[in-house]
Q: 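Pasting a structure below so you can have a look.
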2 protein chains.
Amino acid sequence: MKVPRISEAVVRRLPVYLRYLNSLQALHVRTVSSQQLGEALDLNPAQIRKDLACFGEFGRKGIGYEVNYLIEKIKSILKLDQKINVVLIGAGHLGHAISNYNAYLKDNMRITAIFDADPGKVGKKIVGLTIQALSTLSETVKEMNIRIAIIAVPAEAAQAVADELMRCGITGILNFAPVNIRVIEGVRVHDADVTMELHSLAYYL
Amino acid sequence: MKVPRISEAVVRRLPVYLRYLNSLQALHVRTVSSQQLGEALDLNPAQIRKDLACFGEFGRKGIGYEVNYLIEKIKSILKLDQKINVVLIGAGHLGHAISNYNAYLKDNMRITAIFDADPGKVGKKIVGLTIQALSTLSETVKEMNIRIAIIAVPAEAAQAVADELMRCGITGILNFAPVNIRVIEGVRVHDADVTMELHSLAYYL
DNA sequence: TAGATTGTTAATCGATTAACAATC
DNA sequence: TAGATTGTTAATCGATTAACAATC
């Protein structure tokens with residue numbers, strides 16, 4: 001296995017491939033070529049082949065890629081073949097909405113704990129999970145071996161939450177708060193700020 | 001004004017600059033250098049200068065950038081100096097959560113209409129907006145001169161909603177549904193699929 | 001076999017970074 | 001003036017695309 005240096009662009013496309021392959025699987029499609037993938041996803045077929053070739057030889061010359069096999073391979077690359085527990089901080093409307101994605105995450109990745117600062121919310125349930133007080137965050141993260149966190153709290157609270165998460169050893173953060181979060185070396189933040197997405201979309205009008 | 005060919009990467013960074021500049025403005029900071037911006041945002045100062053130079057000469061040699069002035073300039077580039085009305089499709093938890101971002105959008109960009117397919121929801125209010133039936137979508141989009149749409153409906157309904165939006169003349173879509181949306185030439189889609197973000201985050205664990 | 005399609009090398013294209021003259 | 005910092009050119013780096021031998 002040669003894993004020299006995978007670019008961020010490649011990693012961002014893998015879930016795109018996976019999502020589309022899942023839809024092919026649901027339609028009982030057996031094999032797919034880079035040509036077909038490229039047309040469906042608006043990508044260059046050579047790029048798709050090159051992306052996949054970063055991780056091994058998954059296709060067959062003259063045939064293409066076997067859908068089921070390629071799904072398994074991509075899942076394995078994304079570590080979705082192991083159990084990955086996710087914690088959600090913030091049980092407002094956004095937190096509720098995000099917890100609904102559990103249905104799509106299926107597999108091994110799941111939101112397994114929800115926290116909120118509001119004592120009025122603690123003890124209530126969202127999709128089967130009891131909202132917990134932030135004071136027990138560290139304990140739960142360790143107990144459940146939680147590795148990824150989703151921040152869905154107001155902008156003002158986001159940095160403090162991130163700091164606490166880093167103290168608990170979290171190394172991946174999906175941040176919905178409309179602020180820059182400062183993190184220490186080794187922690188990765190993906191921004192999911194609706195404001196920024198809309199602002200960049202406006203440029204193209 | 002020389003606007004040769006602005007890369008997507010540049011457009012995606014502009015809202016990042018804007019967000020940070022707004023926070024500086026709130027702290028009454030008057031000027032900022034590309035050096036300082038680079039440190040705060042983890043970007044190369046030369047890149048920041050080059051990004052901004054795509055659109056004009058906004059800084060002063062030896063001084064840096066005047067915060068208020070740069071904010072105005074970036075807003076103007078992103079067309080945030082004009083009124084941009086946004087429609088939200090889907091009034092579930094996610095729709096509720098997204099409509100709360102109106103508070104951060106402030107300025108000229110606002111969600112001005114909300115639609116839902118569920119007759120039980122039509123007529124109810126979210127943050128001051130009455131949920132409307134999808135049958136009146138086309139009418140409202142034209143009347144309000146709505147240009148951007150947010151799709152916050154279940155995966156199964158997303159493509160049909162997108163098709164209808166394109167018929168209404170929408171050219172920018174922010175898609176929260178975990179599916180590939182196919183669009184016609186000239187329509188831009190930004191994906192905000194929580195599933196994909198979490199999957200790519202998992203790679204780095 | 002002939003046609004299709006991969007994996008990979010080479011060519012192209014574009015984006016990032018470095019360096020520096022201009023100038024506040 | 002001396003120090004700081006821009007805007008911009010040139011150098012570097014990396015990513016995308018084209019092309020094709022290998023082979024199913």
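Chain letters run A, B, ... following the sequence lines, proteins first, then strands; residues in each count from 1.
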Q: Can you check the B:Phe55 CZ to D:dT8 P distance for me, whole Å?
A: 14 Å
Q: Round to the nearest Å and state the distance from B:Ile48 atom CD1 to C:dA18 atom C1'.
A: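 Distance, rounded to whole Å: 15 Å.
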Q: Using whole Å, what does the distance between atom P of nucleotide C:dT16 and atom CZ of B:Arg12 come to?
A: 13 Å
Q: Rounded to whole angstrom units, what separation is found between the CD atom of A:Gln47 and the P atom of C:dT5?
A: 19 Å
Q: Looking at B:Tyr65, does any N or O in its side chain come under 4.0 Å of the phosphate oxygens OP1/OP2 on D:dG7?
A: yes
Q: Just need the stems in DNA chain D: three or more back-to-back Watson-Crick or G-U pairs, each with both distances under 3.5 angstrom, sorted by first number.
A: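 If one scans DNA chain D for consecutive Watson-Crick or G-U pairs, the stems found are C:3-24 with D:3-24.
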Q: How far apart are the closest heavy atoms of A:Thr140 and A:Ile146, and which atoms are they?
A: O-CD1, 4.2 Å
Q: Name the residue closer to the 5' end of DNA chain D, choosing between B:Val32 and A:Arg13 according to the nucleotide with the nearest heavy atom.
A: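 Residue closer to the 5' terminus by nearest nucleotide: B:Val32.
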Q: Using whole Å, report how far OH of A:Tyr69 lies from P of C:dT6.
A: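 Interatomic distance, OH of A:Tyr69 to P of C:dT6: 15 Å.
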Q: Within the structure provided, determine whether A:Arg188 and B:Leu205 are in side-chain contact (heavy-atom separation under 4.5 Å).
A: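 Result no, sub-4.5 Å side-chain heavy-atom pair not found.
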Q: Taking all heavy atoms of A:Ile170 and all of A:Val187, pick out the closest pair and write down the distance.
A: O-CG2, 3.8 Å
Q: Nearest to the side chain of A:Asn44 - D:dT16, D:dT17, C:dT16?
A: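 For the A:Asn44 side chain, the nearest candidate turns out to be D:dT17.
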Q: Step through the shown structure and confirm whether more than 12 heavy atoms of other residues, nucleotides or ligands are within 6.0 Å of CZ on A:Arg60.
A: no
Q: Using heavy atoms to find the nearest nucleotide of DNA chain C for A:Gln36 and B:Ala46 separately, return the residue whose nucleotide is more 5′.
A: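 The answer here is A:Gln36.
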Q: Roughly how many Å is it from CD in A:Glu57 to C1' in C:dT8, rounded to a whole number?
A: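 Computing the A:Glu57:CD to C:dT8:C1' distance gives 10 Å.
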Q: How many whole angstroms separate atom CZ of B:Arg49 from atom P of C:dA15?
A: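 Distance, rounded to whole Å: 18 Å.
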Q: Give me, pair by pair, the N or O atoms of the protein and of nucleotides 22-24 of chain D that are less than 3.5 Å apart, along with how far apart they are.
A:
from   : atom 1 : to      : atom 2 : distance (Å)
D:dC24 : O4'    : A:Lys61 : O      : 3.0
D:dC24 : O3'    : A:Arg60 : NH1    : 3.3

Q: Could you tell me if the side chain of B:Ile74 sits less than 4.5 Å from the side chain of B:Phe55, heavy atoms only?
A: no
Q: Between A:Ser34 and C:dT6, is there a side-chain N or O to OP1/OP2 distance below 4.0 Å?
A: yes
Q: Between D:dT17, D:dT5, C:dT5, which nucleotide has the shortest distance from any of its atoms to the side chain of A:Lys50?
A: D:dT17
Q: If you count every heavy atom of other residues, nucleotides or ligands that lies below 6.0 Å from B:Arg30 atom CZ, does the total exceed 12?
A: no
Q: Please give, in whole Å, the distance from C:dG3 P to A:Gln35 CD?
A: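 Taking atom P of C:dG3 as the reference, CD of A:Gln35 is at 17 Å.
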Q: So does B:Arg13 pair up with B:Glu8, basic N to acidic O under 4.0 Å?
A: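 Here B:Arg13 does not pair with B:Glu8 in a salt bridge, since their nearest N and O are not under 4.0 Å apart.
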Q: Taking the side chain as every heavy atom from C-beta outward, state whether B:Ile89 and B:Leu134 have any atom pair closer than 4.5 Å.
A: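 Yes - at least one pair of side-chain heavy atoms lies under 4.5 Å apart.
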Q: Counting C-beta onward and ignoring hydrogens, is there a side-chain heavy-atom pair between A:Tyr101 and A:Ile111 closer than 4.5 Å?
A: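 Contact flag for A:Tyr101/A:Ile111 side chains = no.
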